[in-house]
Amino acid sequence: MTETLVKATFDVYRYDPARDPAPRYDRYELELPRHTPLLSALLKIRAEVDPSLTLRYSCRSAICGSCAMQVNSKSRLACETQIGPELDRDGRIVVEPMRNQKVLRDLVVEQEPFWRNYDRIRPHLILDPTKPMPEGKETPMTPAQVDRFMETPRCIACAACYSACPAVEADPAFPGPMALAKLYRFVVDPRDQAHQDRLVRIQTDGLWLCMRCHLCTEACPKDVRPSERIRDLKEMAIAVQGATETGSRHAVGFKENIRERGLLSEMKLVRQTSGLTGLLAQAPQGLRMVRKKPEILKRPHPIEGLDEVEKIYDALDHPEAPP
Ligand code: FES
């Protein structure tokens, strides 16, 4: 049986910083079976139309992570993205390099900062030097212990999360979702002896720069759900060290504010987050806000149905308790 072919239009980002004054998009039109992986289409373009097209790939099986790119504005693995559904949805396929990484040429980006952030979290077990592992013996874990990090080993380090992350874009000091998800994996490993130290260090090493937008979780092709692991790290960091950083104080203050009245008291939250010194430092900006919105100085009245809010907090604080 012969396969039905579809007419596919590819608009591919092209840029060679050594030669081109600016990036451009080159259009290629091919007839291909609907189920063709985008990577195969790009390799066909390179083999038959334009040998200068530059891209990175290796396994062609969604394992190595090297073919990650922006496909119709979403971070995808080119080797597992079939062209048919993309054409049905968008009418054409726009292919661009990953975001938040410098373009080296066409679809190939500089990965050094991504891997540097990974190294920063010390991605290996740290054992107690006074208790070396018994030679030739395994260190078994219970199924419940393994369950705590079942998702993170699925990560293939494709950087889809890093590319989608606005915190990386805003501040290069942010380690990125992949590095933090991997950090979580070691923090909950019962064999690791540095979990407390890891949690204390990360509090001042970018953990609280996460904006909780969850775009990393949406982008991840392996369902690692990095934003949930970052949330877990934040909870564990507060449990170990208390709310000692601006970010953790903000989170705790926010929670207390809503629990108390069901609404934010913005002045109180600034004081809880930054202290009196921080409040004074922000005085000029605060005065401008008060002029525009004088009601922020008033303490909000508790909302109606505050007892329902309390019930939500109770359910979250004690998930095992009967309703
Ligand atoms: S080529 Fe390895 S994940 Fe696509």
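All ligand and atom numbering here is 1-based and tracks the order in the structure. Because the structure is a prediction, the values reported are computed rather than measured.
Interface atoms of ligand 1 facing A62, defined by a heavy-atom separation under 4.0 Å, are 3 (S). Distances below 4.0 Å separate heavy atoms of S58 from the following atoms of ligand 1: 1 (S). If you number the atoms of ligand 1 from 1 as listed, the ones under 4.0 Å from a heavy atom of C67 come out as 1 (S), 3 (S), 4 (Fe). Close approach of ligand 1 to G65 (heavy-atom distance below 4.0 Å) involves ligand atoms 2 (Fe), 3 (S). Contact atoms of ligand 1 toward I63: 3 (S) (distance under 4.0 Å to a heavy atom of the residue). Short contacts between ligand 1 and C79, defined as distances under 4.0 Å to a heavy atom of the residue, involve ligand atoms 1 (S), 3 (S), 4 (Fe).
For the pair T152 (side chain) and R185 (backbone), a donor-acceptor distance under 3.5 Å is absent.
At a cut-off of 3.5 Å, with distance as the only test, no side-chain donor of Q101 or S163 sits close to an acceptor on the other residue. A donor and an acceptor atom, one from each side chain of R105 and T54, are located under 3.5 Å apart.
Under a 4.0 Å N-O distance rule, the pair R122/D197 qualifies as a salt bridge.
For residue C158, no N/O/S atom approaches atom 4 (Fe) of ligand 1 to within less than 2.8 Å. Metal site remark for atom 2 (Fe) of ligand 1: C59 contributes an N, O or S atom at a distance under 2.8 Å.
With M69, R60, R56, E80 as candidates, the residue nearest to atom 1 (S) of ligand 1 on a non-hydrogen basis is R60.
Counting heavy atoms under 4.0 Å from ligand 1, residue C64 touches it through both backbone and side chain.
Heavy atoms of other residues, nucleotides or ligands lying less than 6.0 angstrom from NE2 of H301 number 12 at most.
When each of Q203, E245, H250 is tested with W208 by the rule side-chain hydrogen bond (donor to acceptor under 3.5 Å, both in side chains), just one qualifies, namely Q203.
Ring centers of Y25 and Y13: under 6.0 Å apart, within the cut-off.
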